[in-house]
Amino acid sequence: MELAEVKVMSKGKLEWGRMLKKLSPYTIQKGYRYLKHYGPKEFWIRLHERFEPEEVPYGPWYEAYRPTKEALDKQRKRSWKYSPKISIVVPAYKTPEKFLREMLDSLREQTYGNWELCIANASPEDASMEFTLKEYASLDSRIVWKKLDKNLGIAENTNAAFVMATGDYIGLLDHDDLLAPNALYEIASALEKERDIDVIYTDEDKVRADLSEHFQPHLKPDFNPDLLRANNYICHLFVVRRRIMEQTGGFRSEFDGAQDYDFIFRCVECAEKIHHIPEILYHWRTHQASTADNPASKMYAYEAGKRAIEGNLKRSGLCGKVSHTKDYGFYRVQYQVQESPLVSIIIPNKDEKEVLKKCMDSIFKKSTYQNFEILIVENNSETEEIFTYYRELSRQDKIRLLKWDKPFNYSAINNYAAKKAKGTYLLFLNNDMEVISPDWIEEMLGHCQRPDTGIVGAKLYYPDKTIQHAGTIIGIGGIAGHMFVNMQGDRSGYLHKASLQQDLSAVTAACMMVKRDVFFEVGGFEEKLTVAFNDVDFCLRVRQKGYLVVYDPFAELYHYESKSRGTEDNKEKVRRFQSEIEFMRCRWETLLKEGDPYYNKNLSLTKWNYSLRPNE
C-alpha cells in the first residue's frame with residue numbers, strides 16, 4: 001500500500017515538530033517494531049492518534065492541576081477521625097539507584113502519615129540497592145525491606161512484600177514509579193468518608209525517565225466490569241483491604257506479566273464496595289525496559305492477560321471467548337448465545353420506502369442469526385409507494401405490520417410495539433439503518449443474556465464511514481451526547497475507547513437491544529419525551545435498577561441519521577425540544593450535577609473526544 005493512499009484513510013493533522021523532538025535511535029527502532037506489527041495503514045492511524053495536536057496540552061494543564069505547596073502543607077496538618085494504616089508493597093529487582101531513590105522520596109513526601117513501605121529486594125547481589133535501602137530505612141522507620149535469596153519472579157517477589165505488610169489496606173507500587181504527594185491522603189480521605197470501601201483505584205499518567213515531562217493521562221471511569229475485561233484500565237494506583245488480599249492468596253506466578261490484572265480481577269470479585277478517585281495520583285515511569293514504553297517487549301504478558309480474563313469469566317459463571325485485538329493489551333470477549341431465543345426487531349416508519357428497504361434488505365441478507373421477528377410500526381405514511389412495499393413485506397412470515405395513527409411519539413410508538421412483540425429480547429431499530437456486521441444480533445444477544453445486563457448498544461457509522469455513535473455520555477452538550485462523532489471510523493480514539501466493549505450510562509436507541517422483562521420492569525420509554533432523550537432517560541432508569549448498559553463496538557451498522565423526522569426547524573419543534581431538555585434537567589438533576597460515573601470529571605463536557613476539561 002502506498003503511503004499516499006494511507007494518508008487519505010485517516011484525516012487529521014500531525015504535530016510534526018513534537019514528533020521530530022521525540023526522534024532518537026530508540027524511538028526509531030520502536031516505530032519500526034510498531035510498523036512491522038500493525039502494517040502501514042494501522043501504523044499511520046496510530047501515529048496520528050499519538051501526535052495530533054492536543055486541544056488542551058497536558059503538560060501545562062498538569063502543572064496547573066497539581067496541588068500547590070500551600071495545599072500540601074494544609075493536608076499535612078489535618079486531624080483524622082479514622083486513620084487506616086496503608087501498606088505500599090514494592091517488588092524491587094535491579095532497580096537503577098536514581099529510580100529507587102525517587103520512588104522512596106515520593107513516599108516520604110506523602111502528606112498522609114500512617115503508611116509503611118514494604119520492599120522485597122530480589123537483587124541480593126546488587127550492593128547499590130542494598131546500600132540505598134539501608135540508608136532510607138535508617139532515615140524513616142516506616143520503610144521496611146527484606147533481601148530475598150534470589151529473584152523469584154514478579155508475582156512471588158510481590159507476595160514476599162505482602163507478607164511484610166501490617167496495614168489495614170495494601171497498595172501496589174512498581175519499583176520505578178512514583179506516587180503524587182497527595183496520593184495516600186486522597187485514599188485516606190475516601191476511607192474516612194466510607195469505611196466500608198474494599199477496593200480503591202485512582203487515575204494515572206506517564207512520566208519520562210528523567211521526570212522532564214508528564215504525558216498520556218489515563219482519566220478513568222468508575223468501576224466498569226466490561227471495560228476491565230477489555231483492558232486492565234484499573235492498573236495504578238490500586239489499593240485493597242488487607243482481608244481481601246489475604247482471601248485471594250496474593251499474586252499467582254502463572255500469570256507473570258499480567259499478575260496485577262489477575263489479582264485485580266480476584267479482588268473486585270470479592271469486594272462489596274469499589275471506589276474510584278478521579279485524581280492523577282500515580283506516575284508510571286517510561287523507559288526502554290518498561291512496558292509503559294515498549295509493549296511489544298512482553299507478548300507473553302498479553303497471553304497471561306487473556307487467561308486472567310478467562311479466569312474472571314469462569315468464576316463469574318459466564319461463557320465467553322476471549323481474543324486479542326490488533327492493539328497490544330486490549331481484548332474482545334464474545335459471549336456465547338445460550339439456546340436460540342426469539343428477538344423482536346421493532347422499527348417505526350413513516351413513508352421513506354427506499355430507506356426502509358435498504359434496512360430490511362441488510363437484515364435479511366446479512367444477518368446470521370435467524371430466530372427473529374420484525375415489527376414495522378406504520379405511523380401516518382402518505383405515499384402509495386410505501387403501502388405497496390408494505391404489501392410486499394407482509395408476505396414474509398417474519399414480518400408483522402402494526403399501525404399507529406396518532407401523532408409521532410417515539411416513546412409511545414415503541415411502547416405500543418413492545419406489548420405486541422413475542423420475543424424474549426426487544427431490538428429497537430431506526431428505519432434508516434444498514435447492517436454491517438453479519439453477527440450483529442448474536443453479538444448483542446450474547447451480552448444481553450448475561451444476568452447483570454439490561455441493555456446493549458451498537459457502534460454506528462455515517463455513510464462516509466465516520467462515527468455517529470460510540471456510546472453516550474451524560475452531561476456532554478448539556479444533557480447527553482454521543483462520543484467520537486465524526487471521527488474517522490478506522491480510528492479507535494482515546495485509549496481505544498471507540499473500539500472497546502464497556503459499560504456506559506446510556507446508548508442510542510437507534511440500535512438498542514433490551515431484555516423484555518427489564519423493559520417492562522421500568523415501564524418502557526417515557527412518553528413525555530416524544531422525540532429527544534427518551535433513550536437516555538430509559539437507559540438511566542434501567543441503570544437505577546442495577547442493570548448494566550453495555551456498549552459493544554463489534555455490532556456495527558450504518559446510520560443514515562433521522563431522515564424520517566427532519567430537523568428542529570420550526571418554532572413548535574424548538575419549543576418541544578426545549579421542554580424535553582427541561583424535563584431531563586429536572587428528573588436527572590443530581591446525576592447532571594455529580595457527573596456521569598462512566599466518564600471523568602477532568603474530561604470536557606463540550607467535546608466528544610475525551611479531551612481535557614480546561615483548568616478553571
Side-chain angles (χ1 to χ4, degrees), residues 335-381 383-405 410 412-449 455-458 460 508-520 524-525 535 552 554-560 563-564:
Y335 291 91
Q336 185 178 326
V337 174
Q338 306 299 312
E339 300 178 337
S340 183
L342 179 65
V343 175
S344 296
I345 303 173
I346 296 172
I347 307 175
N349 187 70
K350 178 181 179 182
D351 297 316
E352 300 294 347
K353 183 249 181 176
E354 292 304 321
V355 169
L356 180 62
K357 187 175 188 305
K358 181 177 281 191
C359 176
M360 299 298 288
D361 287 349
S362 74
I363 294 172
F364 281 100
K365 290 177 182 177
K366 293 185 180 178
S367 301
T368 50
Y369 191 83
Q370 289 301 305
N371 194 20
F372 64 84
E373 63 169 359
I374 298 178
L375 283 68
I376 298 173
V377 192
E378 152 56 22
N379 180 216
N380 298 325
S381 294
T383 65
E384 182 55 36
E385 183 182 39
I386 192 64
F387 289 106
T388 301
Y389 184 54
Y390 285 157
R391 286 191 287 273
E392 182 184 324
L393 290 175
S394 65
R395 292 195 284 270
Q396 298 198 45
D397 292 339
K398 290 180 183 282
I399 296 175
R400 284 194 283 149
L401 292 166
L402 305 177
K403 187 174 182 181
W404 178 266
D405 55 12
Y410 178 89
I413 289 170
N414 281 288
N415 288 346
Y416 167 71
K419 291 171 185 171
K420 303 285 186 182
K422 298 174 182 175
T424 314
Y425 297 87
L426 309 176
L427 205 173
F428 298 98
L429 193 69
N430 281 16
N431 61 351
D432 53 354
M433 307 295 292
E434 182 183 355
V435 173
I436 298 172
S437 312
D439 63 347
W440 67 297
I441 297 177
E442 296 99 312
E443 188 67 35
M444 299 176 82
L445 186 55
H447 282 286
C448 213
Q449 284 188 316
I455 295 173
V456 184
L460 308 181
T508 179
C511 181
M512 170 197 283
M513 184 179 285
V514 187
K515 279 189 177 79
R516 178 190 181 91
D517 291 347
V518 170
F519 182 83
F520 288 108
F525 292 105
D535 47 4
D552 186 349
F554 301 105
E556 299 175 290
L557 300 92
Y558 287 117
H559 186 193
Y560 295 90
K563 286 185 178 179
S564 60

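Taking the side chain as every heavy atom from C-beta outward, Phe525 and Ile413 never approach each other to under 4.5 Å. Proximity of Thr388 to Lys353: side-chain heavy atoms (C-beta onward) are nowhere separated by under 4.5 Å. At a threshold of 4.5 Å between non-hydrogen side-chain atoms, the residues Leu557 and Leu429 count as touching. Contact annotation: the side chain of Leu401 never approaches that of Glu378 to less than 4.5 Å [non-hydrogen atoms, C-beta and beyond]. Taking 4.5 Å as the limit, every side-chain heavy atom of Ser362 sits out of range of all side-chain heavy atoms of Ile436. In this structure, the side chains of Ser344 and Arg516 stay at 4.5 Å or more apart for every pair of heavy atoms. Side-chain contact between Cys359 and Asn431 is absent, with no heavy atoms from C-beta onward closer than 4.5 Å. No side-chain heavy atom of Tyr558 sits less than 4.5 Å from a side-chain heavy atom of Lys358.
Rounding to the nearest 0.5 Å gives a distance of 11.5 Å between CG of Asn430 and CG of Leu356. Rounding to the nearest 0.5 angstrom, the gap separating the CD atom in Glu556 from the CG atom in Leu460 is 9.5 Å. Here Ile399 contributes atom CD1 and Ile376 contributes atom CD1; the two are 5.0 Å apart, rounded to the nearest 0.5 Å. Taking NZ from Lys398 and CD1 from Ile345, the interatomic distance works out to 9.0 Å, rounded to the nearest 0.5 Å. Remark: Met512 CE to Leu426 CG distance equals 11.0 Å, nearest 0.5 Å. Separating the CG atom in Asp517 from the OH atom in Tyr425 is a distance of 8.5 Å, to the nearest 0.5 Å.
Between Thr383 and Ile386, the shortest heavy-atom distance links the atoms O-CG2, 3.1 Å. Between Gln336 and Gln338, the closest heavy-atom pair is O-NE2, 3.0 Å. Closest approach of Ser340 and Tyr369 over heavy atoms only: C-OH, 3.1 Å. In plain terms, the two heavy atoms of Trp440 and Cys511 that are nearest each other are CZ3-SG, 4.0 Å. Considering every non-hydrogen atom in both Val377 and Ala417, the closest pair reads CG2-CB, 3.6 Å. Scanning all heavy atoms of the two residues, the minimum distance from Met360 to Ile374 falls at CE-CD1, 3.6 Å.
Partners of Phe387 according to the ring pair (Phe, Tyr, Trp, His ring centres under 6.0 Å) rule, which considers only residues two or more places apart in sequence or in another chain, are Tyr390. For the ring pair (Phe, Tyr, Trp, His ring centres under 6.0 Å) test, residues two or more places apart in sequence or in another chain that qualify with Phe372 are Phe364.
With respect to Ser381, the side-chain contact (heavy atoms from CB on, under 4.5 Å) criterion is satisfied by exactly one of Lys350, Glu352, Lys403: Lys350.
In this structure, Glu339 places its CD atom where only 12 or fewer heavy-atom neighbours from other residues, nucleotides or ligands lie under 6.0 Å away.
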Next item on the list: Step by step, work out the side-chain contact (heavy atoms from CB on, under 4.5 Å) result for Gln370 and Ile441.
Entry: CA-CA 9 Å; Gln370 289 301 305; Ile441 297 177; over 6 Å; no
Item checked: Worked verdict on Asn380 versus Asp405 for side-chain contact (heavy atoms from CB on, under 4.5 Å) -> CA-CA 6 Å; Asn380 298 325; Asp405 55 12; 3.9 Å; yes
Notebook entry, point to check: Stepwise, does the side-chain contact (heavy atoms from CB on, under 4.5 Å) test hold for Met444 with His447?
Noted result: CA-CA 5 Å; Met444 299 176 82; His447 282 286; over 6 Å; no
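Counting only distance, with no hydrogens or angles, the side chain of Glu373 and the backbone of Lys422 share a donor-acceptor pair below 3.5 Å.
Judged purely by distance below 3.5 Å, without hydrogens or angles, the side chains of Arg391 and Ser394 never pair a donor atom with an acceptor atom. For Glu434 and Tyr560, the side-chain atoms include at least one donor-acceptor pair closer than 3.5 Å.
Ring pair Tyr416/Trp404 is tilted by interplanar angle, where 30° to 60° counts as tilted.
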